[in-house]
Amino acid sequence: MKTALISGGTSGIGKATVKQLLDDGFNVATFSSSKEKCEALKKEVKDKKLLVLKGDVSSEKDVESIVKETIIRFGSIDVLVNNAGFGYFIHADTVDMAKFRKMLDVNVFGMALLTKFVVPGMKKRKKGIIINIASISGRKVFPQGEFYSATKFAVIGYSEGIRMELREHGIKVCTICPGMVKTDFFTKEDYDRRMKTMWNGKEPVMLDPKDVAKLISFMCSQPAHSNIDDATIMPF
């Protein structure tokens with residue numbers, strides 16, 4: 001039985017992916033920095049194939065421990081889904097640099113940190129799949145979205161680099177760029193701003209987290225001779 005490790009799996013896309021991969025027959029390990037969300041997921045999804053841990057993706061100590069605990073429980077990590085992330089949307093001249101640094105810590109450094117500790121096992125087995133959740137904002141930039149886009153452009157660049165680096169070790173690297181997804185991603189302030197300035201008072205069509213989870217499931221089921229390098233999924 002294969003094992004997937006998913007960061008930020010207690011809500012949104014991550015939670016939908018946890019459920020999807022459990023349905024696909026995977027062992028699944030996931031973690032979040034929120035103790036309350038971890039406990040809520042354990043109560044909601046009672047499955048012996050699920051391991052829920054508390055940890056901060058930007059903490060090297062936490063990430064190393066999470067990877068070790070996952071391997072102790074399930075034996076290996078076959079799929080890594082770097083999903084943890086958040087958005088911060090603000091004007092260039094009013095940005096809070098501490099919030100921008102925190103977003104970089106989670107969206108970029110956390111992804112690289114988790115990959116750092118998972119890759120050695122994949123190299124040893126000469127196989128594995130790494131799926132990095134980017135965003136349409138990693139392809140194009142919107143007003144007040146420049147700081148978020150900076151992190152997601154970094155995800156795309158990092159992914160392209162490790163894809164070439166890890167190919168010889170039998171490790172596939174995929175990126176997914178979703179458009180807007182119906183989650184609690186936006187703060188109330190940012191949601192209200194978008195309603196007034198971008199959406200003309202009417203919420204646009206958005207993706208369901210399950211849509212992205214199904215795409216991740218498909219990537220996980222690819223035959224050995226193929227790899228989906230990049231996928232963009234948009235509301236329609």
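Throughout, residue positions are numbered sequentially from 1 according to the sequence presented. Bear in mind the structure is a predicted one, so any value in this text is a computation, not a measurement.
Side chain of Asn227 to main chain of Lys172: no donor-acceptor pair is present (N/O by atom type, distance under 3.5 Å, no hydrogens or angles). With hydrogens and angles ignored, the 3.5 Å screen pairs a side-chain donor or acceptor of Thr30 with a backbone N or O of Gly9. A distance-only check finds no donor-acceptor pair linking the side chain of Ser217 to the backbone of Ala213 [under 3.5 Å]. Side-chain atoms of Arg125 come within 3.5 Å of backbone N or O of Ile77 as a donor-acceptor pair. Although no hydrogens or angles enter the test, the distance criterion places a donor-acceptor pair under 3.5 Å between the side chain of Asn83 and the main chain of Ser7.
Summarising the local packing, CZ of Phe218 is surrounded by 12 or fewer heavy atoms from other residues, nucleotides or ligands at distances under 6.0 Å. A 6.0 Å sphere centred on CZ of Arg73 holds more than 12 heavy atoms belonging to other residues, nucleotides or ligands. Annotation: Lys42, atom NZ; neighbour count of heavy atoms from other residues, nucleotides and ligands within 6.0 Å is above 12. Other residues, nucleotides and ligands place no more than 12 heavy atoms under 6.0 Å from the NZ atom of Lys210.
Within the structure, the salt bridge (Lys or Arg N to Asp or Glu O under 4.0 Å) test picks out the following pairs touching residues 150-164 (sequence neighbours left out): Arg163-Asp229, Arg163-Asp230.
When all heavy atoms are compared, the tightest approach of Ala112 to Tyr158 is CA-OH, 3.6 Å. Taking each heavy atom of Met180 and Pro235 in turn, the nearest pair found is O-CG, 3.7 Å. Scanning both residues, Trp199 and Pro204, for their nearest heavy atoms gives CD2-CD, 3.3 Å. Across every non-hydrogen atom of Val57 and Leu113, the tightest pair is O-CD2, 3.7 Å. Ile133 approaches Val155 most closely through the heavy-atom pair O-CG1, 4.3 Å. The shortest heavy-atom contact between Ser76 and Thr3 is O-CB, 3.2 Å.
Side-chain contact check for Glu64 versus Lys116: every heavy-atom pair is 4.5 Å or farther apart. Looking at Thr151 and Tyr88, their side chains never come closer than 4.5 Å, going by heavy atoms from C-beta outward. Between Leu51 and Val28, every side-chain heavy-atom pair lies at or beyond the 4.5 Å cut-off. Using a 4.5 Å cut-off on side-chain heavy atoms (C-beta onward), Gln222 and Cys174 make contact. Side-chain contact between Ile90 and Gln144 is absent, with no heavy atoms from C-beta onward closer than 4.5 Å.
No side-chain donor-acceptor contact under 3.5 Å links Ser58 and Asp105. Under the 3.5 Å distance criterion, with hydrogens and angles disregarded, a donor-acceptor pair is assigned to the side chains of Ser159 and Asn132.
Here the CD-CZ distance, from Glu60 to Phe117, works out to 4.0 Å after rounding to the nearest 0.5 Å. Distance CD1/Ile6 to CG/Leu80: 9.5 Å, rounded to 0.5 Å. Going from atom CG of Leu53 over to atom OG1 of Thr10 covers 12.0 Å, rounded to the nearest 0.5 Å. Residue Leu50 holds its CG atom at 5.5 Å from CG of Leu41, rounded to the nearest 0.5 Å. Atom OG1 of Thr70 and atom CG of Leu5 lie 5.0 Å apart (nearest 0.5 Å). Atom OG1 of residue Thr115 and atom CE of residue Met122 lie 8.5 Å apart, to the nearest 0.5 angstrom.
Here Lys35 does not pair with Glu39 in a salt bridge; the nearest charged N to carboxylate O distance is not below 4.0 Å.
Geometrically, Arg101 does not engage Phe109 in a cation-pi contact, judged by NZ or CZ lying under 6.0 Å from the ring centre and within 45° of the ring axis.
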Could you go through residues 14-21 and list every donor-acceptor pair under 3.5 Å that involves a side-chain atom there, pairing it with any protein atom two or more places apart or in another chain?
unit_1: Lys15; atom_1: NZ; unit_2: Glu44; atom_2: OE1; d: 2.6
unit_1: Thr17; atom_1: OG1; unit_2: Ile13; atom_2: O; d: 2.8
unit_1: Lys19; atom_1: NZ; unit_2: Glu44; atom_2: OE2; d: 2.6
unit_1: Gln20; atom_1: NE2; unit_2: Asp24; atom_2: OD1; d: 3.1

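Cluster annotation: Phe142 is not connected to Val181 through the hydrophobic network of ILVMFWY side chains, with a link wherever side-chain heavy atoms come within less than 4.5 Å.
Phe26 is linked by a ring-ring contact (aromatic ring centres under 6.0 Å, His included) to nothing, counting only residues two or more places apart in sequence or in another chain.
When the options Glu189, Met195, Arg193 are evaluated for a side chain to side chain contact (heavy atoms under 4.5 Å, CB included) with Tyr191, the one that passes is Met195. Of the candidates Val79, Ile176, Ile129, Thr175, Met219 forms a side chain to side chain contact (heavy atoms under 4.5 Å, CB included) with just one, namely Ile176.
Taking the six-membered ring where the residue is Trp, Tyr148 and Phe89 present tilted rings, their angle falling between 30° and 60°.
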